[in-house]
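Below: the structure, in structure tokens.
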2 protein chains.
Amino acid sequence: MAQYSETWMKLLAADGCRQTPARRVIVDILLESPRALEPMEVFSAGRERLANLGLVTVYRTLEKLEELGLVQRVHHHGGCNLYLRATNAHEHLLICSHCGKAEYFSGDNLSALMADITRTTGFAITEHWLQLFGTCPACTRSGEVIHA
Amino acid sequence: MAQYSETWMKLLAADGCRQTPARRVIVDILLESPRALEPMEVFSAGRERLANLGLVTVYRTLEKLEELGLVQRVHHHGGCNLYLRATNAHEHLLICSHCGKAEYFSGDNLSALMADITRTTGFAITEHWLQLFGTCPACTRSGEVIHA
DNA sequence: GTATTATTGAAAAGAGTTTTCATTATCAAT
DNA sequence: ATTGATAATGAAAACTCTTTTCAATAATAC
Ligand SMILES: [Mn+2]
Ligand SMILES: [Mn+2]
Ligand SMILES: [Zn+2]
Ligand SMILES: [Zn+2]
């Protein structure tokens with residue numbers, strides 16, 4: 001996803017943000033990560049590239065990127081403070097329970113189910129969350145999954 | 001759900017827990033609520049019935065009830081610290097975005113989708129989260145939804 | 001280059017949750 | 001019913017995560 005780094009910086013600039021080293025580092029880390037990250041993880045990785053990066057800046061940047069729709073929060077068993085590059089399409093997440101690798105997929109067809117539920121419950125459905133968990137190919141091969 | 005109050009207390013007892021006023025109050029509140037509650041909400045409601053109930057006891061009881069599978073955590077836009085009576089069947093949640101009313105539904109058929117995803121991604125899918133949001137009949141009628 | 005002002009990181013504050021601990025209350029065994 | 005063992009309680013303290021404050025700095029427009 002590294003090719004989007006400049007795109008994100010430009011989108012930030014278009015929103016009135018200045019292009020700072022701290023933001024570049026945070027953006028790059030998010031775009032390079034195959035899995036959703038906690039603010040503290042972004043911070044730790046960021047410090048390796050920018051000696052005195054502040055955790056506050058990570059929070060502020062994540063907030064701004066979420067606001068621009070470039071990252072999304074990911075809900076998870078162990079908490080809901082994970083951030084992942086967002087998808088533009090209508091897609092949902094497939095997450096490896098072992099390594100956290102996140103992949104978007106499309107093609108869910110819930111319209112029949114939703115019509116059914118509207119009929120039986122009287123709810124007007126406006127939104128749906130769907131998230132799949134499993135074991136990714138790499139973790140299946142490595143056999144480490146036994147410990148999961 | 002009030003009829004389950006004694007059942008829950010017995011299940012707690014079977015797990016080695018003593019039957020205390022604090023637990024009764026917390027159990028009752030959870031069983032009476034049509035929506036998922038935050039620990040602080042359980043505490044506030046509990047204090048009205050048991051003058052010096054402690055917030056710590058609410059946390060401890062929620063933890064125990066979750067461990068026994070009697071309540072489940074509900075993930076939500078504004079946080080993931082909501083607790084709701086759990087369902088025994090394979091069911092998912094339908095939540096009113098306006099009043100929070102939670103209802104379980106069954107009948108989701110995702111097997112075709114999951115087979116498809118397994119084929120294209122190589123993931124071995126082990127779990128799925130599905131949650132629907134909408135407006136419940138009562139909120140639709142009251143017209144308050146306009147403000148949502 | 002200079003002025004403007006957004007951004008920064010440290011420190012402090014705040015919110016939510018967990019741990020500690022002395023006291024109390026439940027329950028099983030008399 | 002009385003007793004004893006010990007689970008449970010609530011207040012306070014500790015802790016973690018997140019947000020706010022603020023003076024110094026750096027990015028951008030001119
Ligand atoms: Mn969908
Ligand atoms: Mn299902
Ligand atoms: Zn994996
Ligand atoms: Zn409603």
Side-chain angles (χ1 to χ4, degrees), chain A residues 5-6 8-29 36-68 71-83, chain B residues 6 8-30 36-68 70-71 73-83:
Chain A
S5 182
E6 216 35 54
W8 281 27
M9 291 309 290
K10 279 182 185 134
L11 287 168
L12 281 166
D15 192 61
C17 294
R18 293 175 180 178
Q19 304 191 209
T20 66
R23 283 191 178 130
R24 272 176 215 287
V25 162
I26 294 166
V27 160
D28 285 350
I29 285 165
L37 299 172
E38 296 181 8
M40 185 52 84
E41 292 180 298
V42 175
F43 173 67
S44 301
R47 276 253 155 153
E48 292 176 12
R49 305 189 192 184
L50 193 64
N52 61 346
L53 174 67
L55 178 57
V56 198
T57 302
V58 171
Y59 277 101
R60 285 190 281 229
T61 304
L62 288 172
E63 186 181 22
K64 173 58 78 176
L65 291 172
E66 188 180 16
E67 184 189 319
L68 294 178
V71 302
Q72 82 164 105
R73 291 182 78 121
V74 176
H75 297 255
H76 192 256
H77 289 288
C80 304
N81 55 338
L82 299 173
Y83 291 82
Chain B
E6 216 35 54
W8 282 25
M9 292 309 289
K10 278 181 186 138
L11 287 167
L12 281 166
D15 191 60
C17 295
R18 294 176 179 177
Q19 304 193 209
T20 66
R23 284 190 176 129
R24 273 175 215 286
V25 163
I26 295 166
V27 160
D28 286 349
I29 285 165
L30 289 165
L37 300 172
E38 295 181 7
M40 185 52 84
E41 292 180 298
V42 176
F43 173 67
S44 301
R47 275 254 155 152
E48 291 175 13
R49 306 188 191 184
L50 192 64
N52 61 346
L53 174 66
L55 178 56
V56 197
T57 301
V58 172
Y59 277 101
R60 286 191 279 231
T61 304
L62 288 172
E63 186 181 22
K64 172 59 78 179
L65 291 173
E66 188 180 16
E67 185 188 316
L68 293 179
L70 298 175
V71 303
R73 289 181 79 121
V74 176
H75 296 255
H76 192 256
H77 288 287
C80 304
N81 56 338
L82 299 174
Y83 291 82

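Just so it is clear, the model here is predicted, and its values are computed rather than measured. Every chain is numbered from 1, with letters handed out A, B, ... down the list of sequences. Computed from heavy atoms alone, side chains included, the values below leave out hydrogens, waters and symmetry copies.
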With the side chain of [X] defined as its heavy atoms from C-beta on, choose the nearest nucleotide among [options].
X       : options                : value
B:Leu55 : C:dT17, D:dA12, D:dT18 : C:dT17
A:Thr57 : D:dT18, D:dG10, C:dG9  : C:dG9
A:Ala22 : D:dA5, C:dT8, D:dG10   : C:dT8

Would you tell me if any nitrogen or oxygen in the side chain of [X] comes within less than 4.0 Å of OP1 or OP2 on [N]?
X       : N      : result
A:Asn81 : D:dT18 : yes
B:Tyr59 : C:dT17 : yes
B:Arg23 : D:dA8  : yes
B:Thr20 : C:dT26 : no

### Query
Is there a side-chain contact between A:Tyr83 and A:Ile26 (heavy atoms, below 4.5 Å)?
no
### Query
Just wondering, do B:Leu30 and B:Val42 contact through their side chains at under 4.5 Å, heavy atoms?
yes
### Summary
Comparing nearest nucleotides in DNA chain D, the 5'-proximal residue of the pair B:Gly16, B:Arg47 is B:Gly16
### Query
Can any side-chain N or O of B:Arg18 pair as donor or acceptor with the backbone N or O of B:Ala13 at less than 3.5 Å?
no
### Task
Kindly say whether, by distance alone, the side chain of B:Arg18 makes a donor-acceptor pair under 3.5 Å with the base of D:dT6?
yes
### Rounded interatomic separation in angstrom, taking CG from B:Asn52 and C1' from C:dT23
13 Å
### Message
Taking B:Glu63 first and then B:Arg60, would you say they form a salt bridge - that is, a charged N and a carboxylate O separated by under 4.0 Å?
### Response
no
